[in-house]
Peer 1: 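Let me give you the structure first, and then I'll get to my questions.
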Amino acid sequence: MTSLPDPGPPRPATFEDLVAEGASVPTDGWDFSWFEGRATEARPSWGYAVSMAGRLGRASAVLDVQTGGGEVLDFALSRLADATTGQSSTQSTTETTAPAATAPKPPLLTVATEGWPPNVAKATALLRPRGVAVVAAAEDDPLPFADGAFDLVVSRHPVRPHWEEIARVLQPGGTYFAQHIGPNSVFELVEYFLGPQPEGVRSARHPDRERADAEAAGLDVVGLRAERLRVEFHDIGAVVHFLRKVVWMVPGFTVEAYEPRLRELHERIRAEGPFVAHSTRHLFDARKPG
């Protein structure tokens, strides 16, 4: 029998292959698992989703603003359910238990808002089994809830925080606990495509400005932390998918409009390695007096 020739190492994916793949992946929700092996982002040290689970366990009425596909809230509720089940099991086999007031338990009411129809459908399918109502609400509209309806409002990466509305729906003594995108986030990539941005754009989302806006709305900011985190894009398909998914980075992005710059970046990544950028995040812990 004649042996077949060794085909050698696999052929590297072409620019066209990678771009076509990045352009075809669905962009609904905030599940970034597709990027595994293709892009990486360091995570803030505070672990927002895990911290959120702890806050949920001490709240009775919770609102998640701009939930996306509901992934973060689902994770936090799952984490809380596991903790509650584990504690119940432990209590049943020990003679002493913690006071009932300190035991974590799911909120009596949990509601989420989302403005993009594909995400509304995705979040509803994911969160309905957990008893969460998902309300379709445009990000710039007033929150469709009564004054003082919630003792905890959470949000991960809102497009912009509407502080007056957040303060309005919080009960006196209630908390806003959220992770925001900070200034200049992934701006190495933004400015690669758009060129240098004016200072007003670069400083948007600054935590000091958001602190002032929160305080102007009547909230007390009791905690504010910020971190700058490394991001790496390992192929041009990941860049395309990222810019399609995070639409405010390069507004109006299409492969056709930016093909020459995409092709140049593809060659740069192949020659020099990952394209490196930096994201910025800040953690808000604010209270409504009362």
Side-chain angles (χ1 to χ4, degrees), residues 18 21-22 25 27-56 64-76 78-79 154-161 176-194 196-197 201-211 221 223-250 253 262 265-266 268-285:
L18 293 169
E21 187 177 3
V25 181
T27 58
D28 55 319
W30 286 114
D31 179 3
F32 284 75
S33 59
W34 181 86
F35 287 101
E36 185 173 351
R38 311 186 71 155
T40 60
E41 179 182 10
R43 298 300 183 189
S45 61
W46 50 72
Y48 178 69
V50 174
S51 298
M52 183 203 291
R55 299 298 182 105
L56 294 176
D64 182 18
V65 177
Q66 297 179 29
T67 194
E71 297 90 350
V72 176
L73 180 57
D74 179 68
F75 173 89
S78 174
R79 179 100 176 187
V154 297
S155 189
R156 180 180 180 273
H157 302 175
V159 174
R160 64 185 62 83
Y176 176 68
F177 184 68
Q179 179 175 293
H180 292 185
I181 297 171
N184 303 329
S185 194
V186 200
F187 256 50
E188 297 92 339
L189 187 64
V190 170
E191 294 189 332
Y192 175 83
F193 288 98
L194 299 181
Q197 297 296 289
V201 174
R202 294 184 63 85
S203 63
R205 302 174 180 264
H206 196 284
D208 291 344
R209 180 180 298 175
E210 291 194 346
R211 176 198 286 272
V221 179
L224 179 55
R225 299 170 60 185
E227 292 184 1
R228 187 169 183 262
L229 307 154
R230 184 181 176 94
V231 180
E232 295 184 356
F233 295 93
H234 294 267
D235 69 52
I236 200 65
V239 172
V240 169
H241 183 49
F242 178 80
L243 293 177
R244 292 177 57 241
K245 194 174 186 72
V246 190
V247 295
W248 56 85
M249 288 293 179
V250 179
F253 172 82
L262 288 167
L265 185 54
H266 169 68
R268 174 176 163 181
I269 291 172
R270 290 187 64 183
E272 302 176 10
F275 181 89
V276 177
H278 296 84
S279 65
T280 56
R281 302 287 184 263
H282 48 273
L283 182 71
F284 257 98
D285 192 350

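Keep in mind it's a predicted model, so treat the numbers as computed, not measured.
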Peer 1: Quick one, L56 and L73 - any side-chain contact, counting heavy atoms below 4.5 Å?
Peer 2: yes
Peer 1: Please report the shortest heavy-atom distance between I236 and L262, naming the atom on each side.
Peer 2: CD1-O, 3.5 Å
Peer 1: Are E191 and R202 within salt-bridge range, i.e. N to O under 4.0 Å?
Peer 2: yes
Peer 1: Which atoms form the tightest heavy-atom contact between R228 and T280, and what is the distance?
Peer 2: CG-CG2, 4.2 Å
Peer 1: Atom OG1 of T27 and atom CG of L243: how far apart are they, to the nearest 0.5 Å?
Peer 2: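 These two atoms lie 12.0 Å from each other.
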Peer 1: Are more than 12 heavy atoms from other residues, nucleotides or ligands located less than 6.0 Å from atom CZ of R55?
Peer 2: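 Counting other residues, nucleotides and ligands, CZ of R55 exceeds 12 neighbours.
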Peer 1: Run the salt-bridge test on E36 and R38 with the 4.0 Å N-O cut-off and return the result as yes or no.
Peer 2: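 No.
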Peer 1: Quick one: do F35 and T40 satisfy side chain to side chain contact (heavy atoms under 4.5 Å, CB included)? Show the steps, please.
Peer 2: CA-CA 7 Å; F35 287 101; T40 60; over 6 Å; no
Peer 1: Give me the ring orientation class for H282 and F284: parallel if the planes are under 30° apart, tilted from 30 to 60°, perpendicular past 60°.
Peer 2: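 Because their plane-to-plane angle is over 60°, the rings of H282 and F284 count as perpendicular.
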Peer 1: Going by side-chain contact (heavy atoms from CB on, under 4.5 Å), name the residues that satisfy it together with R268, two or more places apart in sequence or in a different chain.
Peer 2: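 Testing R268 for side-chain contact (heavy atoms from CB on, under 4.5 Å), a comparison that skips the adjacent residues, returns Y192, L265, E272, F275.
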Peer 1: Decide side chain to side chain contact (heavy atoms under 4.5 Å, CB included) for M249 and L189; before the verdict, give the C-alpha distance in whole Å, the side-chain angles of both, and the deciding distance to 0.1 Å.
Peer 2: CA-CA 8 Å; M249 288 293 179; L189 187 64; over 6 Å; no
Peer 1: Minimum heavy-atom separation for Q179 and P158, please, with both atom names.
Peer 2: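 Shortest heavy-atom contact: O-CD, 3.7 Å.
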Peer 1: Check side-chain hydrogen bond (donor to acceptor under 3.5 Å, both in side chains) between S155 and all other residues, then give those that pass, not counting sequence neighbours.
Peer 2: none
Peer 1: I need the single residue from R211, H180, E210 that forms a side-chain contact (heavy atoms from CB on, under 4.5 Å) with L224. Which is it?
Peer 2: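 When side-chain contact (heavy atoms from CB on, under 4.5 Å) is applied between L224 and each of R211, H180, E210, only R211 qualifies.
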Peer 1: Minimum heavy-atom separation for Y48 and A178, please, with both atom names.
Peer 2: OH-CA, 3.6 Å
Peer 1: Please report whether the ring centroid of F242 lies less than 6.0 Å from that of F32.
Peer 2: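 No, the ring of F32 stays outside the 6.0 Å limit from the ring of F242, centre to centre.
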Peer 1: Start with the C-alpha distance between F233 and V186, add both sets of side-chain angles, then the distance that settles side chain to side chain contact (heavy atoms under 4.5 Å, CB included), and finish with yes or no.
Peer 2: CA-CA 11 Å; F233 295 93; V186 200; 4.2 Å; yes
Peer 1: Determine whether a donor-acceptor pair (N or O, by modelled atom type, separation under 3.5 Å) exists between the side chain of R244 and the backbone of G22.
Peer 2: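 Side chain of R244 to backbone of G22, a donor-acceptor pair under 3.5 Å: yes, one is there.
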Peer 1: Quick one: side-chain hydrogen bond (donor to acceptor under 3.5 Å, both in side chains) partners of H234, sequence neighbours excluded?
Peer 2: E232
Peer 1: I'd like to know if the side chain of E188 reaches the main chain of H278, judged simply by a donor and an acceptor atom lying under 3.5 Å from each other, with no hydrogens or angles considered.
Peer 2: yes
Peer 1: Where the side chain of S51 meets the backbone of W46, is there a donor-acceptor pair that is under 3.5 Å apart?
Peer 2: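 Yes, the answer is positive, given that a donor and an acceptor are paired below the 3.5 Å cut-off.
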Peer 1: Is a side-chain donor-acceptor pair under 3.5 Å present for S45 with R225?
Peer 2: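 Result is yes, a qualifying pair exists.
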Peer 1: Of all heavy-atom pairs between W34 and H241, which one has the smallest distance, and what is that distance?
Peer 2: CE3-CD2, 3.3 Å
Peer 1: Please tell me whether S185 and R281 have a donor and an acceptor in their side chains that are separated by less than 3.5 angstrom.
Peer 2: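 Their side chains do contain a donor-acceptor pair, which is all the 3.5 Å distance test asks for.
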Peer 1: Considering all heavy atoms of both residues, which atom of P207 and which atom of P183 are nearest to each other, and what is their separation?
Peer 2: CD-CD, 3.8 Å
Peer 1: Atom CG in D28, atom NZ in K245: separation rounded to 0.5 Å?
Peer 2: 6.5 Å
